[in-house]
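To keep things clear, I will list the structure first and then write my remarks on it.
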Amino acid sequence: MSTPSRSSVPVPTVPSHPGARSDASGPSDPSAGDPLSRERAHLTSSRAALRAMREDVENLDIRDVTANWVNAEVLARQIDERIKALADLSHTPLFFGRLDYLHAPGADPAQGVGRGTDAQGEEDHRFYIGRRHVHDADGDPMVIDWRAPVSQPFYRASKKDPMDIALRRRFGYTGGDLTAYEDEHLSDPAEAATTSKLLQQEIERPRVGPMRDIVATIQPEQDEIVRSDLSGTVCVQGGPGTGKTAVGLHRVAYLLYAHRERLARTGTLVIGPNASFLHYIEQVLPALGELEVKQATVDDLVAHVEVRGTDSAAAAVVKGDARMAEVLRRAVRSHVTLPTETVVVVRGSRRWRVAAYELEEIVRELLDRDIRYGAARDALPQRIAHAVLVQMERSGEAPDDRVQDAVARNAAVKAAVKAVWPPVDPAKLVLRLLTDADFLAAHADGILDEDERKEILWAKPVRSVKSAKWSAADAVLIDEATDLVQRTHSLGHVVLDEAQDLSPMQYRAVGRRCTTGSATVLGDLAQGTTPWATRSWAEALAHLGKPDALTEELTAGFRVPTDVIRYASRLLPHIAPGLAPVASVRENPGFFAVRPVGDAAEVVAACAELLRNEGSVGLIAADARVPVLAEALTAAGLGYLGPGEETTQETRLTLVPASLAKGLEYDYVVLDEPSAVVDGEPDERTGLRRLYVALTRAVSGLIVTHAAPLPPQLD
């Protein structure tokens, strides 16, 4: 007799669960009879094993194993990090799934498993899949890391391709308590495939606080991206709620697992659009046991000067244009002057002359190599010294490397280098370009037209770098100039989220941080809200320096309800023609309403209505409307937070300016005055994209309130 391919088992009905049986097509199930109790017992044992692992590390005595205090400090820090990584988070399930293989995968260490025996002494075909590896006192695994190869079928196996899996079991939790399970017999041809109820519940579970990991709900198409090789750069185009941010973060976690030693040397970095967004996602990687991944915004990367000024949209567009890279290159190289005088090096009673024409040949050769300005400047004295050594050898002397170094440090050589190839201060160079019309015209000739040059020139002279009111775009120019002088350090892997809002020069700044590594680029062309927003991923990847990157598209929406995404998708033909709309796969259609209101008090009333539900609530409004709404919330006695502040059970409402809504999610959203959101941007297209972002922040329900007419594109 066949049983349903999936059956979700709550606590009261465990004994009668039809999946609680011995599967004739696979290994016997020792949990038959009372499966949930046995699974709970395994959870208790696993937590005890994890606690023992942590205690073993805490009890390590390193007093006699280090040669000096430096080694002791390093080892102590590594032990402290290991202790933190082994923390048992009480409200985070230690394992979320189980795989029963038809045949034991074996004892290959690369599989992330060892060979053990189950309670009946049979070869172990059963593996519990969780957020980290846990082993017992004998070293046998009790929980397998989700990133291990043996765990992959949990995400990829299907009825069409079982991947040698007899049974896949998912677990349901309430807090940290295991309360339900659900079975799928992949190798039983009599059972039809159905949608996982537990998976759906986990996806649709209300959220309070920062972003959570998605290790229990990763879908096959997401898993392919997560496990793609370190050597390749991946670009992920994904609409709202498709999980692109989570995919990027889990890809970092996977790469650290698969290439830990290499990335420990070269480093990893997650780049987000703003501090609020980074605060929202900052707990995902630590929950997966990864504590060392750095986070930053692009502004953090290029913080060579203090940013105190702002640009007009037109000026920012010109400064962010990739053509500025050539302007800067010309300006840097303009400092090189071809020599006109002979260099005379005195050593003892001998004088050695390097003629001006020889010096010119050396300088031209370095210019032709097009190496960085600083590297060429460092090489120049050695080249001059080599020319002197050639003369010494011809005269019968036998100079060595020490003599060459001494000649390179000779005062006459230093003076010649300073005259021919003077040092360049990147900030001073950019300041001169922005304040000296003649200097800018000379190096932007044929690149920027006269109107573009006037747009970026500062109206008033500036005395010094410190007194200048630099803008964010100016800081990126300084970073480009800095790299022209001295190579920027490259990391092993960089994740760039909300990439669609970067300018070409910002892409170049990020690309410099992974020239010898790889990147994961995440974004949605429809959500670009800057005047310089990305037009195509091919163009963006070229600016990043990764033109051969693989581009993947995620179109299945897991977070945004069907009615909400369908309403927001009305804007797509106006903001991103040809882009595929997101198709929501949620069973719960969500709550959606459009309500005319008379004043801010009615908007507050809509917030209070949504707060009666479980989960977080975001009130999103045009930036100019935020003070009015803040006053109305205070008058109504409704407490609220700012974006980036962590919601709690006591305060679940966040007041969000539309300009900061990107990347954030709330269970319920009240979107105030859509027309004001559009009108708050410099042009209609950008305003509609900002509105698209704001409309798609809701996970369970959305109320759109308006006193003014709605934008006609939403009709």
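Index from 1, following the sequence.
For the pair Glu645 (side chain) and Gly642 (backbone), a donor-acceptor distance under 3.5 Å is present. Without hydrogens or angle criteria, Arg625 side chain to Ala676 main chain gives no donor-acceptor distance under 3.5 Å. In this structure a side-chain-to-backbone donor-acceptor pair under 3.5 Å is missing from Arg508 to Pro504. Looking at Gln506, its side chain does come within 3.5 Å of a backbone N or O of Ser503 through a donor-acceptor pair. Arg535 places no side-chain N or O within donor-acceptor distance of the main-chain N or O of Leu525, the cut-off being under 3.5 Å. A donor-acceptor pair under 3.5 Å is formed between the side chain of Asp483 and the backbone N or O of Thr488. Looking at Asp229, its side chain never comes within 3.5 Å of a backbone N or O of Gly232 through a donor-acceptor pair. At least one donor-acceptor pair closer than 3.5 Å links the side chain of Arg689 to the backbone N or O of Ile575.
For the pair Lys319 and Ser471, the tightest heavy-atom approach, listed with the atom from each and the gap, is NZ-OG, 3.9 Å. When every heavy atom of Ile447 is checked against every heavy atom of His443, the shortest pair comes out as CD1-O, 4.0 Å. Between Leu554 and Thr242, the shortest heavy-atom contact is O-CG2, 3.5 Å.
A donor atom on one side chain and an acceptor atom on the other are found under 3.5 Å apart for Arg251 and Ser228. For the residue pair Arg353 / Thr342, no side-chain donor-acceptor distance below 3.5 Å is found, with atom types taken as modelled. Side chains of Glu282 and Gln295: no donor on one and acceptor on the other come within 3.5 Å. Counted by atom type alone, Lys294 and Thr268 present zero donor-acceptor pairs between their side chains at under 3.5 Å. Between the side chains of Glu393 and Gln391, not a single donor N or O lies within less than 3.5 Å of an accepting N or O. The closest side-chain donor-acceptor pair between Thr529 and Tyr692, if any, does not fall under 3.5 angstrom. Counting only N and O atoms by type, the side chains of Trp470 and Glu306 include no donor and acceptor under 3.5 Å apart. No hydrogens or angles considered: a donor-acceptor pair under 3.5 Å links the side chains of Asp479 and His304.
For Asp401, the CG atom sits in a loose shell: 12 or fewer heavy atoms of surrounding residues, nucleotides or ligands are nearer than 6.0 Å.
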